[in-house]
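Working notes for the structure below.
Counting from 1, the numbers follow the sequence of the chain as shown. Remember, it's 1-based here, ligands and their atoms both numbered in the order they're listed.
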Amino acid sequence: MIEYADVVCGLAWGDEAKGKITSQLAASGEYDYVCRWAGGNNAGHTVYVDGQKYKTHLIPSGIFYGIKSVIGPGCVVNVKSFFEEIEYLNKHGFNTSLVKISPRAHVVTEEHITRDRKNQYQKLGTTAKGIGPCYSDKSKRTGIRVEDFDDFKSYIWDEKLSGRVLCEGAQGFWLDLDYGNYPFVTSSTTLPYAACSLGFAPQKIRRVYGAAKIYDTRSGLDPEFPETLLDDPELTKIGMLGQEYGVTTGRRRKVNWLNLSKLVQSVNISGCTDVIISKVDILKELNYFKIYYNKELIEFENLNQIKTYVLSTIKRNCELVERVIFSSSPKKI
Ligand code: IMP
Ligand code: MG
């Protein structure tokens, strides 16, 4: 039986430090499973374990804490990169026998990658990992599933979820296929309700931890984030100090002031009980305190003012939120 499921999700365009949050929750020892419900190796998760930095793309962060780590049926799996990740984790002494893949997950083929490179990479600024073509074959019902592949044998997931489950989101709210700025979106459902595809009822969701940043970033193309943002001196400084480069692609991310109106929307539709706003240290160090709210750019004098404004706006507009936490360290909440 499932006792409860907690969900970590992104509230923006990915890269909101979900890895840090999942990692800290997993380290508590509270969970029996850590699961991914969507996406593939387009994601990049950075976690710090005992002060050491690790990067993964596909395998859930539970693996760093000796917890069963499940790649769910809504995910897409690149076989080569999966086994490379297994090798990387083995090399660093983690027990990869805890990694499990749903037989219903879809396999990303070389042909998917070729199609992505050819048709979508330039036009949409995708990660060129074959994600869109793989999900489109899945929807067309012509895809290949993990169960059709021999390679995964010992990793096939043949049990049911039970106990306490932590669900690790990938990408973010505004990259969601339904909610994002279509077609500049990813091809999966990044919202927390989709975590139920792992095999539990919506009523089992206990807490929803939403990850955000005190400023916005966007990797990949999006008319809402014009290239001219890259020329803004203040935003450029934020990007440099905040190391806003893609974990997966190495691309420089476009930076903008936090759009608080959008954040309120993503917090509400995601159903967040907890909101964790990271990278506060970056604005503090640079002494830039600006956000957009209701299409207006508002400037504050100090960190305390901007924090108070964000906190009170969320408290006033988001009925389900119980806690808002500002984080100033890449290593912990
Ligand atoms: P795709 O998921 O590779 O098809 O890329 C679609 C869009 O989502 C592109 O704009 C990517 O830059 C963006 N994207 C996909 N995965 C991530 C991620 O993990 N972090 C940030 N952006 C992402
Ligand atoms: Mg990421």
Number the atoms of ligand 1 from 1 as they appear, then name those within less than 4.0 Å of a heavy atom of [X], with their elements.
{"X": "G220", "value": "10 (O), 12 (O)"}
{"X": "W13", "value": "21 (C), 22 (N)"}
{"X": "G125", "value": "9 (C), 10 (O), 11 (C), 12 (O)"}

Closer than 4.0 angstrom: is that true for some heavy atom of [X] and an atom of ligand 1?
{"X": "A170", "value": "no"}
{"X": "S187", "value": "no"}
{"X": "R218", "value": "yes"}
{"X": "K129", "value": "no"}

Would you say T126 has any N or O atom under 3.5 Å from an N or O of ligand 1, going by distance alone? no
Can you confirm, on distance only, whether ligand 1 has an N/O atom lying under 3.5 Å from any N/O atom belonging to R251? yes
Are [X] and [Y] close enough that their ring centers fall under 6.0 Å?
{"X": "F82", "Y": "F152", "answer": "yes"}
{"X": "W13", "Y": "F173", "answer": "no"}
{"X": "Y288", "Y": "Y215", "answer": "no"}

Does any part of the side chain of D15, heavy atoms only, come nearer than 4.5 Å to the side chain of R253, both counted from C-beta? yes
Validation row: I71, Y155 side chains within 4.5 angstrom (heavy atoms): no
Minimum non-hydrogen distance to atom 14 (N) of ligand 1, winning option of N42, D15, D222, L175: L175
With a heavy-atom distance limit of 4.0 Å, tell me whether V185 approaches ligand 1 through its side chain, its backbone, both, or neither. backbone
Distance-minimising heavy-atom pair for L175 and V185: O-CB, 3.4 Å
Measure from NZ or CZ of K307 to the centre of the six-membered ring of F326 and say whether it is under 6.0 Å with the direction within 45° of the ring axis. yes
Between the side chain of K254 and the main-chain N/O of G220, is any donor-acceptor distance below 3.5 Å? yes
